[in-house]
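Contents: one structure, followed by commentary.
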Amino acid sequence: MELKEKTIEKALIEYRSPSNIALVKYWGKMGLQMPMNPSVSFTLNACATTTCVEFNAIQNDRMEVQFEFFFEGAPKPDFHPKLNTFFDRILRDFPALKNYHLRLDSSNSFPHSSGIASSASAMSALALCLGEFEKKLLGEQYASDFDQRISNWSRLGSGSACRSVIPELGLWGYSPDIEGSSDKYAIAIDGIAPVFKDFRDIVLLVDKGEKQISSTAGHALMNGHAYTAARIEQAHLNLIELLDTMRNGNLEKFVKIVENEALSLHAMMLSSDPGYFLFKPETLKIIEAIRSFRQQNGIHLCFTLDAGANVHLLYPSKDEKEVLGFVEGELLVFCQNGEYICDSVGKGPERLKAQYD
């Protein structure tokens, strides 16, 4: 099909896209932003990035995107190298983008360095704005596979971002047991028990400082790691077991698998060369308190962790009163400045604005 490009002199597109929290962890890359193992995550609701892109037509003979980037109202040139890499990858699919100057305005609903995957929400919000513009510029033939295309583009900016465009529960990475699964984009997982569609996530802010190691460098440590093969096998097995568990509504087994995945991620970091200890003493105290509370009260809450010290506390919505009491009564003492964030499983991105001239 021949693409007939329309003439659009100016456009303004704005999307709000959430972060996500992985239940089965993705750790290790291959090729161009491909995962070594499949992963599955809850899409969040409150923790999100809002990005507005202004497109202005220009004459540009070079195969590059001209842009300026503002984060929460201030120019952020430190973000330019990551954005340049992203745009270079996107141009392979969308070369007409070079004919526009982009002004990017982005903001987060959550504080920086808070243990929320800001790259996931930010890159998916940007990819959604670009995809919406491409669809208008080149035609509706992109509408049928829009979600896959945007998930793929999001991955090129940040691997886990591809899951943020999926409502509720998203899976990224090929699994021979899951039809439609792919290393290039995430897919929605249907048929999970209602209790998991209304799960809550409290992020306990143990340490708001910068990471000891970037995600990119952390993923690279999986190359040549002594336990890489075993970890990949473990992730595949945990994925299938977790999805069966979530379809059956087995909360006890859900807790076991999710906590095992979180600790496995940190075990891989501990045993890397060089090894990194990403916990803080407060992280371990929170984990011990969660396990004690669960045993004493019979409430199916559990912890999970990204590559840092902060703790995500996951639990069914019906137990919110008891869990909030536990957090405020026992866990805040372990949080930096007593801070935490309340969130829940969400419905995915939202288009806020689309204007064309």
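Everything quoted here is computed from the prediction, not taken from an experiment.
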What closest approach, in Å, do Arg163 and Gly170 show between heavy atoms, and which atom pair accounts for it?
-> CD-O, 3.9 Å
Does the side chain of Ile240 reach to within under 4.5 Å of the side chain of Ile178, using non-hydrogen atoms?
-> yes
So Trp153 and Leu126, side-chain contact (heavy atoms from CB on, under 4.5 Å) or not? Walk me through it.
-> CA-CA 9 Å; Trp153 282 7; Leu126 176 55; over 6 Å; no
Under the 3.5 angstrom rule, does the side chain of Thr228 hit a backbone N or O of Met222 as a donor-acceptor pair?
-> yes
Checking Asn20 side chain against Ser160 main chain: does a donor-acceptor pair fall under 3.5 Å?
-> yes
Treat each ILVMFWY residue as a node, draw an edge where side-chain heavy atoms are under 4.5 Å apart, and state whether Tyr100 and Phe70 are in one component.
-> no
Kindly give the heavy-atom pair with the smallest separation between Ser124 and Ser121, and that separation in Å.
-> OG-O, 3.1 Å
Criterion side-chain contact (heavy atoms from CB on, under 4.5 Å) on Ser118 and Phe110, from CA distance to verdict = CA-CA 9 Å; Ser118 58; Phe110 52 92; 3.8 Å; yes
Describe, in one word, how the ring planes of Phe277 and Phe279 are oriented to each other, choosing from parallel (under 30°), tilted (30 to 60°) and perpendicular (over 60°).
-> perpendicular
Sub-3.5 Å donor-acceptor pair from the side chain of Arg155 to the main-chain atoms of Lys184, do we have one?
-> yes
Side chain Lys98, main chain Asn60, donor-acceptor under 3.5 Å = yes
Does Asp306 offer a backbone N or O that forms a donor-acceptor pair with the side chain of His266 under 3.5 Å?
-> yes
Ignoring hydrogens and geometry, is there a side-chain-to-backbone donor-acceptor pair from Lys25 to Leu305 under 3.5 Å?
-> yes
Rounded to the nearest 0.5 Å, how far does CG of Leu331 lie from CZ of Phe326?
-> 4.0 Å
Taking the side chain as every heavy atom from C-beta outward, state whether Leu23 and Phe254 have any pair of such atoms under 4.5 Å apart.
-> yes
With sequence neighbours left out, write down each residue that passes ring pair (Phe, Tyr, Trp, His ring centres under 6.0 Å) with Tyr185, or none if nothing qualifies.
-> none
Exactly one of Asn99, Leu91, Leu83, Asn84 clears side chain to side chain contact (heavy atoms under 4.5 Å, CB included) with Val65, and that residue is Leu91
Evaluate the side-chain proximity of Val203 to Ile21: yes if any heavy-atom separation is below 4.5 Å, no if none is.
-> no
In terms of hydrophobic clusters joined by side-chain contacts under 4.5 Å, are Leu237 and Val24 together?
-> no
Contacts of type salt bridge (charged side-chain N to carboxylate O under 4.0 Å, His left out), residue Asp88, not counting sequence neighbours = none
Any side-chain heavy-atom pair of Met246 and Val40 under 4.5 Å | no
Check salt bridge (charged side-chain N to carboxylate O under 4.0 Å, His left out) between Glu339 and all other residues, then give those that pass, not counting sequence neighbours.
-> Lys208
For Thr51, does its backbone N or O pair with a side-chain atom of Ser106 as donor and acceptor, under 3.5 Å?
-> no
Within one Ile-Leu-Val-Met-Phe-Trp-Tyr cluster: Trp172 and Leu169, side-chain cutoff 4.5 Å = no
Rounded to the nearest 0.5 Å, the CG atom of Leu12 sits from the CG atom of Asn56 at a distance of 9.5 Å
Starting at CG of Leu314, measure out to CZ of Phe303 and round the result to the nearest 0.5 Å.
-> 10.5 Å
Around Glu252, counting heavy atoms of other residues, nucleotides and ligands shown, do more than 12 lie under 6.0 Å from its CD?
-> no
Run the numbers on Gln355 and Lys10 for side-chain contact (heavy atoms from CB on, under 4.5 Å), then give the verdict.
-> CA-CA 8 Å; Gln355 300 172 355; Lys10 186 175 182 179; over 6 Å; no
Heavy-atom side-chain contact between Glu241 and Lys253 under 4.5 Å = yes
Matching residue for Phe55 among Asp357, Ile8, Leu97, Leu137 - test: side chain to side chain contact (heavy atoms under 4.5 Å, CB included) | Leu97
Quick one: side chains of residues 341-348, donor-acceptor pairs under 3.5 Å with protein atoms, not counting sequence neighbours, listed by atom name and distance.
residue	atom	partner	partner atom	Å
Asp343	OD1	Asn45	N	3.0
Asp343	OD1	Ala46	N	2.7
Asp343	OD2	Ala46	N	3.3
Asp343	OD2	Cys47	N	2.8
Lys347	NZ	Glu168	OE2	2.7

For Ser154, does its backbone N or O pair with a side-chain atom of Ser158 as donor and acceptor, under 3.5 Å?
-> no
Mind telling me whether Phe133 and Phe94 have parallel, tilted or perpendicular rings, with 30° and 60° as the class edges?
-> tilted
Do Val327 and Leu332 touch side chain to side chain, with heavy atoms closer than 4.5 Å?
-> yes
For Asn260 and Lys256, indicate whether the former's side chain and the latter's backbone hold a donor-acceptor pair under 3.5 Å.
-> no
Following the transitive rule for hydrophobic clusters with a side-chain heavy-atom cut-off under 4.5 Å over Ile, Leu, Val, Met, Phe, Trp and Tyr, establish whether Leu324 and Val333 coincide in one cluster.
-> yes
Distance-only, no hydrogens or angles: does the Ser151 side chain make a donor-acceptor pair with backbone N or O of Ala186 under 3.5 Å?
-> yes
Between atom OH of Tyr26 and atom OG of Ser215, what is the distance when rounded to the nearest 0.5 Å?
-> 8.0 Å
Enter the distance from Arg92:CZ to Met63:CE here, rounded to the nearest 0.5 Å.
-> 10.0 Å
Measuring from His225:NE2 to Ser271:OG, what's the distance to the nearest 0.5 Å?
-> 3.0 Å
Is there a donor in the side chain of Ser175 and an acceptor in the side chain of His236, or the other way round, less than 3.5 Å apart?
-> no
Over all atoms of both residues, closest heavy-atom pair of Pro18 and Ser164 = O-OG, 2.7 Å
May I have the step-by-step check of side-chain contact (heavy atoms from CB on, under 4.5 Å) for Ile187 and Ser182, ending in yes or no?
-> CA-CA 8 Å; Ile187 62 172; Ser182 172; 5.8 Å; no
Heavy atoms, side chains only, cut-off 4.5 Å: are Phe42 and Asp201 in contact?
-> no
What are the two closest heavy atoms between Val206 and Lys280, and how far apart are they?
-> CG1-CB, 3.9 Å
Is it the case that more than 12 heavy atoms not belonging to Glu72 sit under 6.0 Å from its CD atom?
-> yes
Has Tyr356 got more than 12 heavy atoms of other residues, nucleotides or ligands less than 6.0 Å from its OH?
-> yes
Heavy-atom side-chain contact between Trp27 and His219 under 4.5 Å = yes
Residues passing the salt bridge (charged side-chain N to carboxylate O under 4.0 Å, His left out) test with Arg62, sequence neighbours excluded, are Glu64
Side chains of residues 284-299: which donor-acceptor partners sit under 3.5 Å, not counting sequence neighbours?
residue	atom	partner	partner atom	Å
Ser292	OG	Gln296	NE2	3.0
Arg294	NH1	Glu259	OE2	2.7
Arg294	NH1	Leu301	O	2.9
Arg294	NH2	Glu259	OE1	3.2
Asn297	ND2	Phe293	O	2.9

Any link between Tyr174 and Ile189 through a network of hydrophobic side chains (Ile, Leu, Val, Met, Phe, Trp, Tyr) touching at under 4.5 Å?
-> no
Quick one: closest heavy-atom pair of Thr304 and Val258, and the distance?
-> CB-CG1, 3.8 Å
